[in-house]
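Heads up, the thing below is written out as structure tokens.
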4 protein chains.
Amino acid sequence: MPRIGMEPVRRKALIDAAIAAIGARGSLDVTMSEIAGIAGVSPALAHHYFGAKDDLLQATMRHLLSEFGRDGRDALAGAKTPRDRISAIIAISFSQTQFQPETIAAWLAFYVEAQRSPAMRRLLKVYARRLNSNLMSGLGPLMERSRAERVAEGVAAMIDGLYIRRALKEGAPNAASAIALVENYVETMLAAGDAAP
Amino acid sequence: MPRIGMEPVRRKALIDAAIAAIGARGSLDVTMSEIAGIAGVSPALAHHYFGAKDDLLQATMRHLLSEFGRDGRDALAGAKTPRDRISAIIAISFSQTQFQPETIAAWLAFYVEAQRSPAMRRLLKVYARRLNSNLMSGLGPLMERSRAERVAEGVAAMIDGLYIRRALKEGAPNAASAIALVENYVETMLAAGDAAP
Amino acid sequence: MPRIGMEPVRRKALIDAAIAAIGARGSLDVTMSEIAGIAGVSPALAHHYFGAKDDLLQATMRHLLSEFGRDGRDALAGAKTPRDRISAIIAISFSQTQFQPETIAAWLAFYVEAQRSPAMRRLLKVYARRLNSNLMSGLGPLMERSRAERVAEGVAAMIDGLYIRRALKEGAPNAASAIALVENYVETMLAAGDAAP
Amino acid sequence: MPRIGMEPVRRKALIDAAIAAIGARGSLDVTMSEIAGIAGVSPALAHHYFGAKDDLLQATMRHLLSEFGRDGRDALAGAKTPRDRISAIIAISFSQTQFQPETIAAWLAFYVEAQRSPAMRRLLKVYARRLNSNLMSGLGPLMERSRAERVAEGVAAMIDGLYIRRALKEGAPNAASAIALVENYVETMLAAGDAAP
DNA sequence: AATGAATGAGCCTTCATTCAT
DNA sequence: AATGAATGAAGGCTCATTCAT
């Protein structure tokens, strides 16, 4: 029973299905049929709305990115001090929306794909730049610029590292300990402000 | 002209070819023909020696692992103090053997595969445990046990994060700055020894 | 805004679009969406008016045929002598309306289709018969019947051959030289009237 | 039971199957499965030996071309006088090898494809050039050069036209009457040598 | 009158894998 | 020891066609 105005509904459903499928498989090695099946539509329809598989995958990545961006903006909005901003960024990186097995797997898969696909790499760079600028908005006022840059890089690396290492753990992701680790890094770096680079 | 004792030669050649192929593709999405072609043999021979593709891939991973292990032992052998041990571990993580586009891509690909394949996950855990115990052999004597554990986790995450983020950078990997970042983390943690957390 | 009496307009537009699409592609291998797109309507509408794709194609062929017939009648109307009739038929075969890349491609494509589809073959036979009778109306009075038949067949073959061979030439079709070749054939046959075969 | 040295056998079988399939369908619109099926192998094998469908089709065309070339050389070898050469060329154009429903259909289909595919067009031009030079080797000595050129073009057009018009006839191709028609054209042109262009 | 929504069927192509030699 | 031959299975994608609105 075709109703009108289904396009946005289907697009959303297919992107969600893609995330679910990628999460379940743990890689981008999912079939269009699989994704379409999860979304409850035929593979042909997925092609109808997204063209090729790559396009759907990129749209999925873009969706993850925009969610991450929205979460970031929301978190930053409630943060008063620069220090608060840092914590807010760290917190949302491991929030329940982001730090979930499915989403983690999807991010990881996209990282791999980025090595091959320039389009994916471009998208991932957007994420990296955004994370960096968010972190710098907190770290900048608290220490010398070049040092802030380095700490931001360290925080970002640690976050991504914790994401990737989730693959090795059993059970549900432990966001709290991940957050504590990064916070401790930041805290120590702030405390050692007088000292070295 | 079949010669005797070719098995080890072929196995080595095929594993090297697998690393090369994975490195070039940037993912495990390589064909047996591709690998065999690089090794200069027929795909049938690859099956003859390794059974299935997954077996070859696991053997490849195991090879990477043992190389990493050997590098680690070598590095540790020359380190006198605990502090030296830490630096040695960090150094070899970014050594020219390890921190190369091809090897990085392979590691990353295996991380992804680990999410699906228990066998791969097991192998990757071996790596994680080994890295951890190596780090602990340096950090243990220098700070309280539980804190050392956490710092080791932080170092490991940072290393893996720097690996993964290589995918976003252009040009050759910059090992020096990566090492500096991790060393600085360790240094600051050691300096803040009296304090938290 | 549905208007009444749109049917003939749409049918005409779709048939023109089909010719354009076939001409552009150089074969009948065009999609309904393509044709509908050129006509500025939805593929569903094309089905609504024509049933199946084959029906639209046949209608297109019929349109070409009726155009050819009309051109022929017009040309014959102005021809006084039998000899004039022959020249008129040859001329319209290579007139600007007929001897155009698009139309040529369409004719050729239909010839191929005729091998498979009896309906198409029937239509094409109508064309052949019409061309033959037109030619005979000129050749008949000028030579013995059986010889006229053969010359008509030769002229028809030459015309179709020149059409098909257009596919091999670059640039715009050269109608003049094509006409000259056929006219020369006719002329020589008329001159050799007394002789063979 | 795989034996060695099958490649040439399979290639031949697949090309023959392609001709058969195209002949049966009357167009290039045949599937790889169909062709492979006729050849008695799997579709995968067809791809194994020919790469893509287009490559198999081109190889098929090239085969037809080389057969035509071989037939032409053979025919020309036995012709003593220029006049004999002309007749020989005409004869082989309608020989039992060439003027068969299947081969005719294949030629026609390739003509259509040539409008789209530059590679096919190139191949077809080879055929046209060869036919032209063959004809000129007979017509050249018998009349003025520019006139010979035109007669050669006329003969070629008539031959191709008779091929295409086969699609309209029922029953087996009538080679004899086709040959007679072309021969008569040549004869008349030769007889009218003194006269017009 | 017209279309967006949706799909089944089918095709090309790739690839891991097997087997006889 | 090594490979050419061969295929089954599966995936991406296209397209004519239908249907409710």
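Quick note on labels: first sequence line is chain A, next is B, and so on, each numbered from 1.
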Which is true for B/F50 with a 4.0 Å heavy-atom rule: it touches a base, it touches only sugar-phosphate, or it touches nothing? nothing
Sugar-phosphate only, base, or nothing, as touched by A/G51 at under 4.0 Å among non-hydrogen atoms: nothing
Which nucleotide, [options], lies nearest any side-chain atom of [X]?
X	options	answer
C/K53	F/dA16, E/dA2, E/dA16	F/dA16
C/A52	E/dT13, F/dT17, F/dG4	F/dT17
A/H47	F/dA16, F/dA6, F/dG12	F/dG12

Taking all non-hydrogen atoms of both residues, which atom of [X] and which atom of [Y] are closest, and how far apart?
X	Y	result
A/M61	A/L124	CE-CD1, 3.2 Å
D/G26	D/A105	CA-CB, 4.1 Å
C/R116	D/S27	NH2-OG, 3.3 Å
A/A18	A/T60	CB-OG1, 3.4 Å
B/K53	B/L28	NZ-O, 4.2 Å
D/I38	D/A21	CD1-CB, 3.8 Å

Whichever of A/L45 and C/A46 has the more 5' nearest nucleotide on DNA chain E, that residue is C/A46
CG (B/L14) and NE2 (B/H47) are apart, to the nearest 0.5 Å, by 11.0 Å
From OH (C/Y111) to CD1 (D/I164), nearest 0.5 Å: 5.0 Å
Walk me through it: do A/R121 and A/E113 pass the test salt bridge (charged side-chain N to carboxylate O under 4.0 Å, His left out)? CA-CA 8 Å; A/R121 188 154 57 244; A/E113 188 65 10; over 6 Å; no
Find the distance A/M6:CE to F/dA20:P and express it as a whole number of Å. 15 Å
note: D/D55, atom CG; E/dC12, atom P; distance rounded to Å ~ 13 Å
Can you say whether the rings of A/Y127 and A/W107 are parallel (under 30°), tilted (30 to 60°) or perpendicular (over 60°)? tilted
I want to check one thing: is the phosphate of F/dA2, taken as OP1 and OP2, less than 4.0 Å away from some side-chain N or O of B/Y49? yes
Side-chain N,O (C/H48) to OP1/OP2 (E/dA2) below 4.0 Å: no
Using a heavy-atom distance cut-off of less than 4.0 Å, which residues of residues 10-22 of chain A contact DNA chain F? none
For DNA chain F, which residues in residues 28-44 of chain A have a heavy atom at a distance below 4.0 Å? A/V30, A/T31, A/M32, A/A44
I'd like to know whether D/I15 forms a side chain to side chain contact (heavy atoms under 4.5 Å, CB included) with D/F50, so could you lay out the CA-CA distance, the side-chain angles of the two residues, the decisive distance to 0.1 Å, and finally the verdict. CA-CA 10 Å; D/I15 286 176; D/F50 285 95; 3.9 Å; yes
Writing each nucleotide of DNA chain E 5' to 3' as (, ), [, ], | or . by Watson-Crick or G-U pairing under 3.5 Å yields .||||||||||||||||||||
